[in-house]
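Notes follow once the structure below has been shown.
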There are 2 protein chains.
Amino acid sequence: MIQYTDLSQPIYERLKEMIVNDELKPGEKIVQEKIAELLGVSRTPLMKALLTLENEFLVESIPRRGIFVRTPDLKEIIDVYFCREALEGMAARLLAEQHDTSIIKQLKDCFTPFIAKKKINTKAYAKADENFHKLLIKLTGNTPLDKIYFFSNIHDKVIGYGLVRPPEETMEEHFKIINAIATGDSDTAEQYARAHIRKSREILIDQYKKRTSEEL
Amino acid sequence: MIQYTDLSQPIYERLKEMIVNDELKPGEKIVQEKIAELLGVSRTPLMKALLTLENEFLVESIPRRGIFVRTPDLKEIIDVYFCREALEGMAARLLAEQHDTSIIKQLKDCFTPFIAKKKINTKAYAKADENFHKLLIKLTGNTPLDKIYFFSNIHDKVIGYGLVRPPEETMEEHFKIINAIATGDSDTAEQYARAHIRKSREILIDQYKKRTSEEL
DNA sequence: ATATTGCATTTTGTATACAAAATACAATAT
DNA sequence: ATATTGTATTTTGTATACAAAATGCAATAT
């Protein structure tokens, strides 16, 4: 009756979903026995999944106390954006040096559904935006780079599928990056990729500052 | 009789040591029961430690087949150096923006034992070099940055405590970075930090190419 | 001699068991 | 009423148990 593949994998996916959807609330303790029963598995593969989530900053383990859903604060979100600026900048540079037309095509394809559209579906665009940034990393073929980009998870969780800036604004920036990659101008590609993240980071900081002061 | 802290932690440290020391050889399969017995623990905390090592690229799990000590190849080492260039460059920039004299002092202190020395102990300097680069990251206070810098482990494993370049050469570069941070010149600090990693990467590539061709 | 099949052994992935630490809470003291 | 202690309950960390997959190897076929 038992089907062997790797139980911890689907458990990991499900838990991640639960955290992003707020089924597991920030700060909430993950009582292993309860979640294991809920998912119909034992604690062993669950713990494996939780350890992976911990490595991705989505949960935090306090020894002998328990594992808790993390609540990324303002500073951490900013910090993640600094990392993204560095890594996506490098990714753009590496792509520009490859002179590969298939790369350009794949990057452009992220946004073709939205070109020449009067009304852009925000949710769809936000998903496309996320894909674009992940693709930028993946297309470099740099495995360690791709593996350490996992912390974009935090970004997903915090921003959800909302957008930091309006599509009109970011669309233009995306194509500036793509065009620099296409012409093989690695310095410019890196510059644009970094400026893009930097701008979003600054907007985010403002939003959070506003939100925090309103709550006072 | 059982002392509770977190067994997987010392197991992780010991396994990492065994991998770096070649007690566990590249490509070798880690038979859980055997290692568990060797370390006098059960498979449960051992598996936890192995999962952490997997996240750090030191071992590789092939489901249903086993967990194997990884053998980083030339491409991966180069790829890691691209990541380091991006991240350490950003770190230097962030430190320069902080205008904190204690940061300068701590960075300088890494190399004070070697200043004005005629003969530099290579092993000691290699250790200092490693500390300097880790400190550069840590002093930013950027937690996600620090957490994703773990892949420097691969570096340690591959290079061991040898040096890519002679101390005279890198010492000068280190102080260029430190001085740029001290004067608060973030652009220059980033430039120097990146150039430093880039040069080592290029030397490494040459060394490996030479070694590989000799073996043919 | 080499390839193939079948069976015994090993090893993995998961579930369960159990001791120690953490927690909750009631009973008592201040 | 609040603080404190002691005890029952929960939960964690680790060890063990067990079924299914992987592996090794001998016996047989080609």
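Order of the sequence lines sets the chain letters (A, B, ...), proteins ahead of strands, with each chain counted from 1. What you see below is based on every heavy atom in this structure, not just the backbone, and it leaves out hydrogens, waters and symmetry mates. Computed from a predicted model, the values in this text were never measured in an experiment.
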Problem set entry | Pair B:Lys16-B:Glu13, salt bridge (charged side-chain N to carboxylate O under 4.0 Å, His left out): steps then yes or no | CA-CA 5 Å; B:Lys16 194 163 125 181; B:Glu13 300 289 353; 5.0 Å; no
For this session: Run the numbers on B:His155 and B:Tyr81 for ring pair (Phe, Tyr, Trp, His ring centres under 6.0 Å), then give the verdict.
Result: CA-CA 9 Å; B:His155 173 247; B:Tyr81 268 75; 5.7 Å; yes
Problem set entry | Distance-only polar pair, side chains of B:Thr52 and B:Glu56, donor-acceptor under 3.5 Å |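 Looking only at side-chain atoms, B:Glu56 and B:Thr52 do not form any donor-acceptor pair under 3.5 Å.
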For this session: Check the side chains of B:Ser200 and B:Arg165 for a donor-acceptor pair under 3.5 angstrom, ignoring hydrogens and angles.
Result: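 Result is yes, a qualifying pair exists.
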Nearest whole angstrom, please: distance from the [atom2] of [N] to the [atom1] of [X].
| X | N | atom1 | atom2 | value |
| --- | --- | --- | --- | --- |
| B:Asp6 | C:dA21 | CG | C1' | 14 Å |
| B:Glu54 | C:dT12 | CD | P | 14 Å |
| B:Ile62 | D:dA22 | CD1 | P | 12 Å |
| A:Gln9 | C:dT14 | CD | C1' | 16 Å |
| A:Arg65 | D:dT12 | CZ | P | 11 Å |
| B:Leu7 | C:dA20 | CG | C1' | 13 Å |
| B:Tyr12 | D:dG13 | OH | C1' | 20 Å |
| B:Leu51 | C:dT12 | CG | C1' | 15 Å |

Problem set entry | Gap separating the NZ atom of A:Lys75 from the OG1 atom of B:Thr143, nearest 0.5 angstrom |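 Going from the NZ atom of A:Lys75 to the OG1 atom of B:Thr143 covers 5.5 Å.
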Exercise. Residues from residues 28-48 of chain B sitting under 4.0 Å of DNA chain C, heavy atoms only?
Worked result: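 The answer is B:Lys29, B:Ile30, B:Val31, B:Gln32, B:Lys34, B:Arg43, B:Met47.
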Exercise. Is there a donor-acceptor pair closer than 3.5 Å between any side-chain N or O of B:His174 and the backbone N or O of B:Thr170?
Worked result: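 Here the side-chain-to-backbone pair exists.
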